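The sequence lines fix the lettering, A, B, ..., with proteins before strands; numbering per chain opens at 1. Just so it is clear, the model here is predicted, and its values are computed rather than measured.
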Amino acid sequence: MEIDPFIFRFSIFILSIFIGYYVVWSVTPSLHTPLMSVTNAISSVIIVGAIIAALASSSDKIFEISNIFGFLAIILAAINIFGGFLVTQRMLQMYKKKKKK
Amino acid sequence: MEIDPFIFRFSIFILSIFIGYYVVWSVTPSLHTPLMSVTNAISSVIIVGAIIAALASSSDKIFEISNIFGFLAIILAAINIFGGFLVTQRMLQMYKKKKKK
Amino acid sequence: MISANLSAIFYLISGILFILALRGLSSPETSRQGNFFGILGMIIAITVTFFTVGNFSNAFNYVLFFLVIGGAIGAFIAFKIPMTAMPELVAGFHSLVGLAAVFVAISAFLNPQAFNLGLPGNIKLASLIEMSIGASVGAITFSGSIIAFLKLRGIMSGSPIIFKGQHFFNLILGISIIVLIYFLCSSQSQSFFWSLIAVSFLIGVLLIIPIGGADMPVVISMLNSYSGWAAAGIGFTLENTALIITGALVGSSGAILSYIMCKGMNRSFFNVILGGFGGDANVSKEKSKDKKPVKSGNAEDAAFLLKNASSVIIVPGYGMAVAQAQHALREMVDALKKNDIKVSYAVHPVAGRMPGHMNVLLAEANVSYDEVFELDDINNDFANTDVAFVIGANDVTNPIAKTDPQSPIFGMPVLDVEKCKSVLFVKRSLSPGYAGVDNELFYRDNTLMLFADAKKMTEDIVKNLN
Amino acid sequence: MISANLSAIFYLISGILFILALRGLSSPETSRQGNFFGILGMIIAITVTFFTVGNFSNAFNYVLFFLVIGGAIGAFIAFKIPMTAMPELVAGFHSLVGLAAVFVAISAFLNPQAFNLGLPGNIKLASLIEMSIGASVGAITFSGSIIAFLKLRGIMSGSPIIFKGQHFFNLILGISIIVLIYFLCSSQSQSFFWSLIAVSFLIGVLLIIPIGGADMPVVISMLNSYSGWAAAGIGFTLENTALIITGALVGSSGAILSYIMCKGMNRSFFNVILGGFGGDANVSKEKSKDKKPVKSGNAEDAAFLLKNASSVIIVPGYGMAVAQAQHALREMVDALKKNDIKVSYAVHPVAGRMPGHMNVLLAEANVSYDEVFELDDINNDFANTDVAFVIGANDVTNPIAKTDPQSPIFGMPVLDVEKCKSVLFVKRSLSPGYAGVDNELFYRDNTLMLFADAKKMTEDIVKNLN
Amino acid sequence: MNVGSTKENNLEKRISITPETSKSFKNLGLNVFLEKGYGESLGFKDQHYLENGVEILNSSKEVVSKSDLICKVNLPNEEELNVMKENSYLIVSSINSEKDKNYLNNKIKVFALDLLPRITRAQSMDVLSSQANLAGYRAVIESIYEYEKAIPMMMTAAGTVPAAKVLIVGAGVAGLQAIATAKRLGAIVSATDVRTTAKEQVESLGGKFLMVEGSENLETKGGYAKEAGEDFKKKQAKMLENAASKNDIIICTALIPGKPAPRILSENVIQKMKPGSIIFDLAVTQGGNSAYSEVDKIVNKNGVKIIGISNVMNKLPLTASSLFAKNVFSFVRNLYSKEKKQFILNMEDEIIKSTLIQGRN
Amino acid sequence: MNVGSTKENNLEKRISITPETSKSFKNLGLNVFLEKGYGESLGFKDQHYLENGVEILNSSKEVVSKSDLICKVNLPNEEELNVMKENSYLIVSSINSEKDKNYLNNKIKVFALDLLPRITRAQSMDVLSSQANLAGYRAVIESIYEYEKAIPMMMTAAGTVPAAKVLIVGAGVAGLQAIATAKRLGAIVSATDVRTTAKEQVESLGGKFLMVEGSENLETKGGYAKEAGEDFKKKQAKMLENAASKNDIIICTALIPGKPAPRILSENVIQKMKPGSIIFDLAVTQGGNSAYSEVDKIVNKNGVKIIGISNVMNKLPLTASSLFAKNVFSFVRNLYSKEKKQFILNMEDEIIKSTLIQGRN
Ligand SMILES: NC(=O)c1ccc[n+]([C@@H]2O[C@H](COP(=O)([O-])OP(=O)(O)OC[C@H]3O[C@@H](n4cnc5c(N)ncnc54)[C@H](OP(=O)(O)O)[C@@H]3O)[C@@H](O)[C@H]2O)c1
Ligand SMILES: NC(=O)c1ccc[n+]([C@@H]2O[C@H](COP(=O)([O-])OP(=O)(O)OC[C@H]3O[C@@H](n4cnc5c(N)ncnc54)[C@H](OP(=O)(O)O)[C@@H]3O)[C@@H](O)[C@H]2O)c1
Ligand SMILES: NC(=O)c1ccc[n+]([C@@H]2O[C@H](COP(=O)([O-])OP(=O)(O)OC[C@H]3O[C@@H](n4cnc5c(N)ncnc54)[C@H](O)[C@@H]3O)[C@@H](O)[C@H]2O)c1
Ligand SMILES: NC(=O)c1ccc[n+]([C@@H]2O[C@H](COP(=O)([O-])OP(=O)(O)OC[C@H]3O[C@@H](n4cnc5c(N)ncnc54)[C@H](O)[C@@H]3O)[C@@H](O)[C@H]2O)c1
């Protein structure tokens, strides 16, 4: 009577949807853009797949067609990760806390 | 490279904790008591375990010691379920929406 | 009998329904719907369990029988209990959940095959740990809730019971729990299991006795949280998603709720939970002695009542003037009017400390003269009005002026605010007004006291109206 | 190489860090911390993947190399891009995520062994479906984001492109996606896979072109959501918890965010997403034509700026009188003072339409005379003040009176509000005041326009201050 | 039973029965007799009364001789007194002197409304409150009328007009209304009193309270003020000297029941005031709170105008009469038994007991 | 260069140079000559001026003959005029009649400040605004002084005093300040005007605007009112008849530049008013907005008091002078060149051009 792991993953998926919903629900409008840019950066966790794809070969055949797609995906995702987090950081500069008198 | 189902259950557990946190965070004070009573009712989902315990036997040995604990647990949980939901319902009577003019 | 996969999906669904139930309960508008979701989730969980076990033999009939018995008792209690006994009722119910968790754990320990956990005397390690935790937390919940129940019911004194070395003793007990679990796992011996449960019962008692009666609501919510963790523990043992989700949900939400309640009462969470640290508990106990009970609420409650009214009469008095709350009051009325609520002001001839006192202030806040009525013109309207919002007035609403010839204010015409469906009184305390006469309206059923400075409270209500 | 269990736990941790990241980003105080959590989560996810795959051969060096290349490009863009180009930047980034998802799906399709999905031409059914969905949604995200980017950048016209039968055509394409997946699964043929991707690209384009430039922020958030779903799809294929959690998180939060944005703009979510229904998009485009750019904000932004100031000067003008915002203004100032912020009022000699106009209203709202300063007494203070809150005033702040002898208001002394660190202007539009002269302050960098009725806006700010 | 009223003397514009209350009297079951031209001073025509069921009689004597109860603002003249019915009732707003008391004879029962106890039930009859309230209002109006500057702050293109500063001495009923009125006009208002509860009340109207430092509370159980000791007076004088130079208008309302009004503004204080300042002394008829103040005169002392008006109510007789008449009516309603259809002298009733005056005998 | 001023006639309490502005004149580099006892009417001692560097001369003639520029509220008398320096300047608040113009001779340049254009730059010299503003305030004070009831609503134990209703006719500078003042006191205020922009302005002060139905906007480009047509007048009269019976106080401020004041309250309207009502006609010297109104008289018409005061400013001469003197100073500052150390008659300057009056020749 083992449960298919898919069911677990699906449960995790559904619960995460709820969390996404609650987490964002009370965001202040002035943070819309930073929030978008951070979610964007986070969504490039797809790089995990890209890495697997890129490394999925014996050492002699590095540039098989499927690996190449992996490498391309890595570049794209990396741009996104670095660009996304950094640009968010920049946007958030304006929200520095006021200094204590 | 199969993942232990425990890990999945644990993930589900952790995510549910987050949901519990967010869901309750913005509750209005006047609903504290009904909320407590509903969570109480919900927590008697433990009855699931009680049922399993009660039914875990061949038909001839219904009242083995472990089954008896199951039956007892069923009674307790059932009191809680019915009592909890109904009492919540009663408390919520006062929050009836106003009638449209 | 249905497949494990299918039942897992159904358990997920019931978990989600429980999430929606809690969500619903966090705002008055959706609360009833939330309760419904909870019921639905429970029905699904139970039904799925029946089909998963698939044993519709004689035992099943007994299950149904006990279910009905329990249900009947629960329903009976739910209908008979007076609304004022709610807190202790919830505490009592908690104890049941805790005990149920203990029973399930015992059952699993005695008959592990039924749950796929191995054989008696040779239970899977992980399962054993899980069930020990479940049983222990369940036992703590049970005995703790019993104490809370007794304290609230007044059977046990509400004052904190403190003895020297309490915290140290608790620590010892906590450690012994861990030790017992260790030995249980290594020996699989029943005696350790029973000791574990016994020690846990003791801990439950010891945890709650040092906490004062005034802090009981927080404790109840905390116990709620415990019952959730117990369920989650059992859920891991039974590998049951519904129990895990629900347990975690109840566990975390209960903890958060007790935190929120502490914040709302301006108490330190840790002081309350550890108990007996400060003298606060004593003070609050003494304060509430010898008082008739009043219902007191906060800005959110007031906002809710006001928002759902279709007509409101404002009764300003000297307290409004002292707090200089007239501007905030105007803001509040503006907000109400935006919600299509009819609002008028009822000015009593001697409200305030000077003839026309209220008029000066209302005019300053730019309240239109058309909305301001004198006593004779508005007194009949209270009966048809949903909410009377009495802000810093007292004597001018006191019905004793109509009934008790001995009272110094006998014969003064008063505003019949008590005829409204609900009366909100904004004042700082229960102390009387100019005439020094206690106002029995404070203790009425349809009165909600809003204890605060009038300006502060009105501003808070405005916030909550939006 | 680490165990699947361990890596699953680390993926869970990185998922949780992403949750905390989003949570942090929803309030200014915690936003920077949130970003940090996001970075941490990402580092963990990547590192864990390296160890899980455990291939530190030559290929690994290439992976690092490309990672650095991409990272460098990303960092370069992040530092060079002007702040005003943020929206299109985000759109551009989205397209990358979409394309990356497509690439990963292709790679998985071509080399399923690497992912444990079976053999080429005989991929597990579930995995095939999952990767098709991932690829398709990724492709839609990619092409849709490209269009959004072009529109925002101005390379493509911002006006909606609508043709007859558009919705019908989209429907056909949508159905064809399903059909293609069906055939792909039954035949495992590459050509269906490629067609699937091609059709998805087309859908992405068609979905976005009918949406007007003004609605692009909503679209970007929607595309964000898509990229999340794509990641989740791939996550199921790769059986990777981090991807599933993050994908679901991003997917739902993006959808909710676009819904919130629509609500904030008072637009119907469905109209925006379906596009081309109303004429609104046209209108808003025309309105913004030929205008110098102004920064406009809402009550929350204003509240944030005010709360973080240590000194604020209020400059009331005729608009405050028209809106009768004096009481709300007083409430706002009270709230600021509670936060230990120094607040003064600067009254210009000819503010309003009558000598002493502002004084009448401020006195009505019970503003103490000590806080009210005339021009000469306060003009030097602006330079040392954090925020000037200009409420319904215009001419009296216009620096043109100091510079342009041709201007009808030349020679009038004006309040030097622009010397403050930030200037908030509350007025309903960009239209000029009594003198009919445009005010260049509106277009300055340190100005934030708060377009609304003065009373409404002030009330909203009060709400947000608490 | 018949209720009557006659015209007042020339110095009094108020009346004690308005068309409105005459209707109320009728509803109670009482007949109302009035002298011809009774309400003339306020623009009320006899017609207005006739419409409300009043009988207009030709002479005051006729009215008096027919009535069982006479209501008046001031005491009737001797002629009228002489023709009053045996055992009839007379209600007047106040009886100031022993002389007045002696002047009454024993055959009639006289009530002076200013002797009403300040109990809740008597509030609707309380002439002291109703008239003092208006006096406080009018004192401000009179003062700003005489004041040669504008009261509210105005920031204008031709410079800033500063707000006038107004000080109210005595924060009883009149004082509080004066605070409210001055505040409304935009003045910066402060007030002082010997009763410490006055502080909260002053602040409840947006005024600032000037506390005499180190003073005790001089409040009687009835809510009135006690006479202050020497020490207090000194401290108060010092505080006022300081305040005088800063304030533009001072309105004095301080009274001590049964005693002459306390002298609060000394010559010294007045000397400190700026030329152009105003002092309004509401207590002038009880001896005055201020130096130099004279009844019905505006005394100019170094540019400071000190105003004393004997009967401020004459400046808004319409409103004053309307409230006074309602006070009188409320009193009569309490005196009259509807069942027995007659006036009952219930000496258990605190209201009746305290207001009844015994004449000479 | 020397600036001088002499005492005004007996009917005028205002002055044109205050101790404060005399200091400003000195700072600008001008000498100030004043006649002995110049500020007496306002309580300013010569000492106050001397402290600010003013030279006090014994006679008005001496002042005039020594000054290059004379500032006055009203025209100087003939004697003074005759001794004025050739090509010297004279600044007065207004010149009302052709007669006055003729009376001037050509050797001096005369500026009438009421002719100032209403441009932004001239705001600080705008005597019409500064004085009208005060007039509006004072008109309300005068009216409530005469009104025999209380203005604000008071709900008291002796019944409710209803709030007075005040109607302002003409919502220009004076009208708006009148609205503000009446509103402050707790009156229910409405206002009417021929300019439609006035609506928003009235409402911005919390007043209610009474629109003449179906009327067009009678506003000139300069922001003033045009004369109304017959049709408009009829509609307005109807509206006012209706309003008159409901209001207790009417304050008239309507003017049309260069024309006699429009007659707005007809006999008919006044008849509809309740006895005890007040009409204050600020336009009385320009012909009056109200029937029966007479300069410096209170006319009683069926119990309605119609008040006309020729120079309301005399009721708050201190504030009025302080603003007027600042207006004058601002005007002089614009006329005087600090570099050239003399007055420059720059006819390109709209301010100078419009205020300059050509005398007889
Ligand atoms: N109108 C007149 O002319 C006049 C003159 C003299 C006396 N009186 C008498 O005054 C009384 C007037 O009745 P009333 O109902 O207006 O007043 P009240 O009966 O004196 O009651 C006022 C209430 O306001 C509350 N309060 C005070 N400050 C407050 C604050 N800052 N925030 C919130 N609540 C505050 C007080 O309760 P807490 O302390 O619990 O907050 C008090 O009970 C009557 O008895 C009347 O006879 C009237
Ligand atoms: N003080 C006097 O005696 C007097 C007399 C006559 C003329 N003036 C002239 O009036 C002007 C006064 O300057 P000011 O800065 O006070 O006023 P202003 O320059 O006329 O500007 C007022 C601004 O308020 C805004 N506004 C109007 N209603 C509003 C509402 N309900 N909510 C929010 N904003 C609103 C308008 O912009 P939106 O339409 O975009 O909202 C307008 O730009 C000067 O030019 C002065 O010369 C003064
Ligand atoms: N219960 C009721 O129905 C009712 C009705 C009206 C008034 N009152 C109360 O009665 C009290 C007296 O009111 P009143 O106006 O009739 O009093 P009043 O006219 O006798 O005196 C006026 C004020 O002068 C003050 N005063 C006296 N000597 C002073 C001095 N040396 N320096 C400064 N101030 C001095 C008094 O304290 C009082 O406040 C007040 O507390 C009032 O609230 C009660
Ligand atoms: N730009 C500036 O610096 C400045 C300065 C002051 C005033 N102003 C403006 O100048 C304008 C005129 O102000 P003013 O007070 O000097 O005007 P005013 O004294 O000439 O007239 C007073 C008011 O009477 C009104 N009126 C005329 N005939 C009327 C009739 N038949 N019925 C009703 N009302 C009638 C006018 O419209 C005006 O509002 C106003 O708009 C004012 O805002 C501008």
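In plain terms, the two heavy atoms of D/Y318 and F/Q201 that are nearest each other are OH-CG, 3.1 Å. Here the closest heavy-atom approach between residue F/S129 and residue D/P355 is recorded as O-CG, 4.3 Å. Minimum interatomic distance between D/A363 and F/R184 (heavy atoms only, all atoms of both residues): CB-NH2, 3.3 Å.
Crowding of F/K23 atom NZ: a count of heavy atoms from other residues, nucleotides or ligands under 6.0 Å not exceeding 12. The environment of D/K402 atom NZ is dense: over 12 non-hydrogen atoms of other residues, nucleotides or ligands sit within 6.0 angstrom. Around NZ of F/K199, the count of heavy atoms belonging to other residues, nucleotides or ligands within 6.0 Å does not exceed 12. In this structure, F/Q342 places its CD atom where more than 12 heavy-atom neighbours from other residues, nucleotides or ligands lie under 6.0 Å away. Heavy-atom contacts from other residues, nucleotides or ligands closer than 6.0 Å to NZ of D/K456 number 12 or fewer.
For F/E200 (side chain) and D/V322 (main-chain N/O), no donor-acceptor pair under 3.5 Å exists by modelled atom type.
Residue contact with chain F, scored on non-hydrogen atoms closer than 4.5 Å, involves the side chain of D/L361 exclusively. With a 4.5 angstrom heavy-atom cutoff, D/P408 touches chain F only via backbone atoms. For D/V360, the parts lying under 4.5 angstrom from a heavy atom of chain F are both the backbone and the side chain. If you measure heavy-atom distances from F/I119 to chain D, you find no contacts under 4.5 Å at all. Using a 4.5 Å cut-off between heavy atoms, F/Q123 touches chain D through its side chain atoms alone.
When D/M354, D/Q324, D/E364 are each tested for a side-chain contact (heavy atoms from CB on, under 4.5 Å) with F/L205, only one passes: D/M354.
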